[in-house]
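Only heavy atoms go into these numbers, but all of them, side chains included; no hydrogens, no water, no symmetry mates.
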Amino acid sequence: KNGFLPWRIAEFSDSLKMAVNKNDREKMLKYTSWLAHYVEDAHVPLHTTENYDGQLTNQPGIHSRFETELVRFLISRNELKFDLKNLSDKLKAKSLIDDKVKFAFAVVLNSYQLVDDILDADKYAKSQIPTEKLYRVEKRNGRTRYIYSEEYYSIMSERLKNLLHNQMSDASVNLALIWLTSWKDAYSK
(Lines give C-alpha, C1' and ligand atoms only; values in the text may rest on other atoms or scores of the structure.)
Protein backbone atom coordinates (compact mmCIF):
# COMPACT_ATOMS: atom_id res chain seq x y z
CA LYS A 1 0.00 0.00 0.00
CA ASN A 2 2.77 2.47 0.93
CA GLY A 3 5.66 1.35 -1.21
CA PHE A 4 7.54 -1.63 -2.51
CA LEU A 5 11.20 -0.90 -1.77
CA PRO A 6 11.93 -3.90 0.53
CA TRP A 7 10.51 -6.34 -2.00
CA ARG A 8 12.35 -4.67 -4.88
CA ILE A 9 15.64 -5.04 -3.02
CA ALA A 10 14.93 -8.77 -2.57
CA GLU A 11 13.78 -9.11 -6.18
CA PHE A 12 16.83 -7.37 -7.66
CA SER A 13 19.14 -9.31 -5.35
CA ASP A 14 17.67 -12.55 -6.69
CA SER A 15 17.92 -11.21 -10.25
CA LEU A 16 21.59 -10.37 -9.67
CA LYS A 17 22.16 -13.90 -8.36
CA MET A 18 20.65 -15.35 -11.57
CA ALA A 19 22.71 -12.99 -13.75
CA VAL A 20 25.88 -14.07 -11.95
CA ASN A 21 24.90 -17.73 -12.43
CA LYS A 22 24.57 -17.12 -16.17
CA ASN A 23 27.66 -14.89 -16.30
CA ASP A 24 25.47 -12.27 -17.98
CA ARG A 25 27.61 -9.18 -17.50
CA GLU A 26 25.04 -6.76 -18.90
CA LYS A 27 22.38 -7.93 -16.46
CA MET A 28 24.91 -8.03 -13.61
CA LEU A 29 25.64 -4.36 -14.23
CA LYS A 30 21.95 -3.53 -14.49
CA TYR A 31 20.98 -5.28 -11.26
CA THR A 32 23.96 -4.02 -9.24
CA SER A 33 23.07 -0.45 -10.25
CA TRP A 34 19.37 -0.94 -9.50
CA LEU A 35 20.25 -2.42 -6.12
CA ALA A 36 22.47 0.59 -5.47
CA HIS A 37 19.54 2.90 -6.20
CA TYR A 38 17.09 1.09 -3.92
CA VAL A 39 19.51 0.37 -1.05
CA GLU A 40 20.66 4.00 -1.07
CA ASP A 41 17.04 5.23 -1.19
CA ALA A 42 16.25 3.10 1.87
CA HIS A 43 18.88 5.06 3.80
CA VAL A 44 17.34 8.47 3.02
CA PRO A 45 15.00 9.16 5.95
CA LEU A 46 12.68 11.40 3.94
CA HIS A 47 12.05 8.51 1.54
CA THR A 48 10.35 6.63 4.38
CA THR A 49 7.58 9.07 5.25
CA GLU A 50 4.45 10.59 3.75
CA ASN A 51 5.98 13.96 4.65
CA TYR A 52 8.85 13.29 2.20
CA ASP A 53 9.18 16.93 1.13
CA GLY A 54 7.94 18.70 4.24
CA GLN A 55 4.56 19.31 2.63
CA LEU A 56 2.71 18.24 5.80
CA THR A 57 4.76 20.43 8.16
CA ASN A 58 5.08 23.58 6.03
CA GLN A 59 8.69 22.77 5.12
CA PRO A 60 8.46 22.39 1.34
CA GLY A 61 11.72 21.59 -0.39
CA ILE A 62 13.35 19.91 2.62
CA HIS A 63 13.96 16.76 0.60
CA SER A 64 16.30 18.48 -1.85
CA ARG A 65 17.86 20.65 0.84
CA PHE A 66 18.78 17.55 2.86
CA GLU A 67 19.52 14.96 0.18
CA THR A 68 21.27 17.16 -2.39
CA GLU A 69 22.15 20.65 -1.24
CA LEU A 70 23.44 19.75 2.23
CA VAL A 71 25.64 17.06 0.68
CA ARG A 72 26.99 19.60 -1.83
CA PHE A 73 27.62 22.06 0.99
CA LEU A 74 29.60 19.49 2.98
CA ILE A 75 31.58 18.38 -0.07
CA SER A 76 32.42 21.99 -0.94
CA ARG A 77 33.95 22.36 2.52
CA ASN A 78 35.70 19.00 2.38
CA GLU A 79 33.66 17.87 5.40
CA LEU A 80 32.27 14.66 3.98
CA LYS A 81 35.10 12.17 4.22
CA PHE A 82 34.89 8.42 4.57
CA ASP A 83 37.41 6.15 6.23
CA LEU A 84 37.68 3.14 3.91
CA LYS A 85 39.29 0.99 6.61
CA ASN A 86 36.40 1.77 8.96
CA LEU A 87 33.87 0.90 6.24
CA SER A 88 35.74 -2.32 5.50
CA ASP A 89 35.78 -3.23 9.20
CA LYS A 90 32.03 -2.57 9.44
CA LEU A 91 31.42 -4.82 6.45
CA LYS A 92 33.61 -7.60 7.88
CA ALA A 93 31.65 -7.45 11.15
CA LYS A 94 28.36 -8.19 9.37
CA SER A 95 26.91 -11.51 8.34
CA LEU A 96 25.55 -12.21 4.91
CA ILE A 97 21.81 -11.65 4.60
CA ASP A 98 19.38 -14.52 5.13
CA ASP A 99 16.09 -12.65 4.62
CA LYS A 100 16.49 -9.74 2.22
CA VAL A 101 12.98 -8.34 2.80
CA LYS A 102 13.49 -8.35 6.57
CA PHE A 103 16.92 -6.75 6.07
CA ALA A 104 15.41 -3.97 3.91
CA PHE A 105 12.60 -3.32 6.40
CA ALA A 106 15.19 -2.94 9.18
CA VAL A 107 17.03 -0.34 7.09
CA VAL A 108 13.80 1.53 6.34
CA LEU A 109 12.76 1.51 10.01
CA ASN A 110 16.15 2.82 11.08
CA SER A 111 15.93 5.58 8.47
CA TYR A 112 12.38 6.47 9.45
CA GLN A 113 13.47 7.08 13.03
CA LEU A 114 15.63 9.97 11.77
CA VAL A 115 12.89 11.92 9.98
CA ASP A 116 12.12 14.18 12.95
CA ASP A 117 15.81 15.03 13.38
CA ILE A 118 15.89 16.39 9.83
CA LEU A 119 12.63 18.31 10.13
CA ASP A 120 13.65 19.70 13.52
CA ALA A 121 17.04 20.84 12.18
CA ASP A 122 15.30 22.62 9.30
CA LYS A 123 12.89 24.39 11.68
CA TYR A 124 15.76 25.39 13.95
CA ALA A 125 17.92 26.72 11.12
CA LYS A 126 15.01 28.76 9.78
CA SER A 127 14.32 30.17 13.25
CA GLN A 128 17.91 31.45 13.50
CA ILE A 129 18.00 33.42 10.24
CA PRO A 130 15.86 36.40 9.26
CA THR A 131 13.63 35.53 6.30
CA GLU A 132 15.32 38.08 4.05
CA LYS A 133 18.66 36.32 4.63
CA LEU A 134 17.34 32.76 4.60
CA TYR A 135 17.07 32.35 0.83
CA ARG A 136 16.94 34.15 -2.47
CA VAL A 137 14.27 33.59 -5.09
CA GLU A 138 15.35 32.63 -8.58
CA LYS A 139 12.97 32.40 -11.54
CA ARG A 140 14.08 30.36 -14.49
CA ASN A 141 12.10 28.80 -17.33
CA GLY A 142 8.82 29.67 -15.66
CA ARG A 143 9.81 27.98 -12.39
CA THR A 144 10.46 29.57 -9.03
CA ARG A 145 13.37 28.23 -6.97
CA TYR A 146 14.37 29.11 -3.43
CA ILE A 147 18.14 29.07 -3.05
CA TYR A 148 18.90 28.76 0.65
CA SER A 149 21.78 30.68 2.19
CA GLU A 150 25.17 29.43 3.24
CA GLU A 151 24.22 30.34 6.81
CA TYR A 152 21.23 27.98 6.61
CA TYR A 153 23.42 25.10 5.41
CA SER A 154 26.03 25.88 8.04
CA ILE A 155 23.42 25.41 10.77
CA MET A 156 22.03 22.31 9.07
CA SER A 157 25.55 20.93 8.84
CA GLU A 158 26.16 21.42 12.56
CA ARG A 159 22.98 19.52 13.34
CA LEU A 160 22.95 16.85 10.63
CA LYS A 161 26.51 16.23 9.41
CA ASN A 162 26.95 13.13 11.59
CA LEU A 163 23.50 11.79 10.74
CA LEU A 164 24.14 12.27 7.02
CA HIS A 165 27.62 10.77 7.22
CA ASN A 166 26.33 7.75 9.17
CA GLN A 167 23.50 7.13 6.70
CA MET A 168 25.87 7.34 3.74
CA SER A 169 28.37 5.02 5.46
CA ASP A 170 25.64 2.54 6.35
CA ALA A 171 24.30 2.68 2.79
CA SER A 172 27.75 1.83 1.43
CA VAL A 173 28.24 -1.08 3.80
CA ASN A 174 24.72 -2.42 3.32
CA LEU A 175 24.97 -2.15 -0.45
CA ALA A 176 28.23 -4.11 -0.42
CA LEU A 177 26.59 -6.64 1.88
CA ILE A 178 23.61 -7.19 -0.44
CA TRP A 179 25.92 -7.51 -3.46
CA LEU A 180 28.13 -10.02 -1.63
CA THR A 181 25.08 -11.98 -0.51
CA SER A 182 23.80 -12.18 -4.10
CA TRP A 183 27.19 -13.37 -5.36
CA LYS A 184 27.52 -15.92 -2.56
CA ASP A 185 24.00 -17.21 -3.27
CA ALA A 186 24.86 -17.55 -6.95
CA TYR A 187 27.87 -19.75 -6.26
CA SER A 188 26.43 -21.81 -3.43
CA LYS A 189 23.37 -23.19 -5.19
Handout entry: Residues Lys100 and Asp185 bridged, charged N to O under 4.0 Å
Key = yes
Practice task
Would you please test Phe73 and Tyr148 for side chain to side chain contact (heavy atoms under 4.5 Å, CB included) and show each step?
Solution key: CA-CA 11 Å; Phe73 178 83; Tyr148 276 71; over 6 Å; no
Exercise for the section: Establish, from distance only, whether the side-chain atoms of Glu151 and Ser149 form a donor-acceptor pair under 3.5 Å. Expected result: no
Exercise for the section: Decide whether Leu70 and Tyr52 are clustered together by the hydrophobic rule: side chain heavy atoms of Ile, Leu, Val, Met, Phe, Trp, Tyr closer than 4.5 Å, transitively. Expected result: no
Exercise for the section: To the nearest 0.5 Å, tell me how far Asn51 CG sits from Leu56 CG. Expected result: 4.0 Å
Problem - Heavy-atom side-chain proximity of His43 to Val39 below 4.5 angstrom - result: yes
Practice task
Decide whether Phe82 and Leu160 are clustered together by the hydrophobic rule: side chain heavy atoms of Ile, Leu, Val, Met, Phe, Trp, Tyr closer than 4.5 Å, transitively.
Solution key: yes
Problem - Glu150 with Arg77: basic N within carboxylate O range, under 4.0 Å - result: yes
Handout entry: Validation row: Leu87, Ser169 side chains within 4.5 angstrom (heavy atoms)
Key = yes
Practice task
Scan for side-chain hydrogen bond (donor to acceptor under 3.5 Å, both in side chains) pairs involving residues 153-167, sequence neighbours excluded, and state none if there are none.
Solution key: Glu79-Lys161, Ser111-Gln167
Exercise for the section: Starting from the C-alpha separation in whole Å, work towards a yes-or-no answer on ring-ring contact (aromatic ring centres under 6.0 Å, His included) for Trp179 and Tyr31. Expected result: CA-CA 9 Å; Trp179 284 343; Tyr31 293 124; over 10 Å; no
Practice task
May I ask you to check whether Asp41 and His47 show a side-chain donor-acceptor distance below 3.5 Å?
Solution key: yes
Practice task
Check whether more than 12 heavy atoms from other residues, nucleotides or ligands sit under 6.0 Å from atom CG of Asn23, and answer yes or no.
Solution key: yes
Problem - Heavy atoms from other residues, nucleotides or ligands near CD of Glu50 exceed 12 (cutoff 6.0 Å) - result: no
Exercise for the section: Could you check Lys90 against Asn86 for side chain to side chain contact (heavy atoms under 4.5 Å, CB included), going step by step and ending with a plain yes or no? Expected result: CA-CA 6 Å; Lys90 283 183 177 183; Asn86 183 29; 4.1 Å; yes
Enumerate, atom names and distances included, each donor-acceptor pair closer than 3.5 Å involving a side-chain atom of residues 125-134, sequence neighbours excluded.
from	atom 1	to	atom 2	distance (Å)
Lys126	NZ	Asp122	OD2	3.2
Ser127	OG	Tyr124	O	2.7

Problem - Distance-only side-chain donor-acceptor flag, Arg65 / Tyr152, under 3.5 Å - result: yes
Handout entry: Side-chain touch Asn174/Lys94, heavy atoms, less than 4.5 angstrom
Key = yes
Problem - Partner of Pro45 by side chain to side chain contact (heavy atoms under 4.5 Å, CB included), out of Ile118, Asp116, Asp117 - result: Ile118
Practice task
Mind jotting down which residue pairs meet the salt bridge (Lys or Arg N to Asp or Glu O under 4.0 Å) criterion with at least one end in residues 22-34? Sequence neighbours excluded, please.
Solution key: none
Problem - Option among Asp98, Ile178, Val108 that satisfies the side chain to side chain contact (heavy atoms under 4.5 Å, CB included) test with Phe103 - result: Ile178
Exercise for the section: Indicate the atoms forming the closest heavy-atom contact of Ile62 with Gly54, along with that distance. Expected result: CG2-N, 3.4 Å
Handout entry: Ring-ring centroid check Trp7 Phe12, cutoff 6.0 Å
Key = no
Exercise for the section: Please say whether more than 12 non-hydrogen atoms of neighbouring residues, nucleotides or ligands are located less than 6.0 Å from CG in Asp99. Expected result: yes
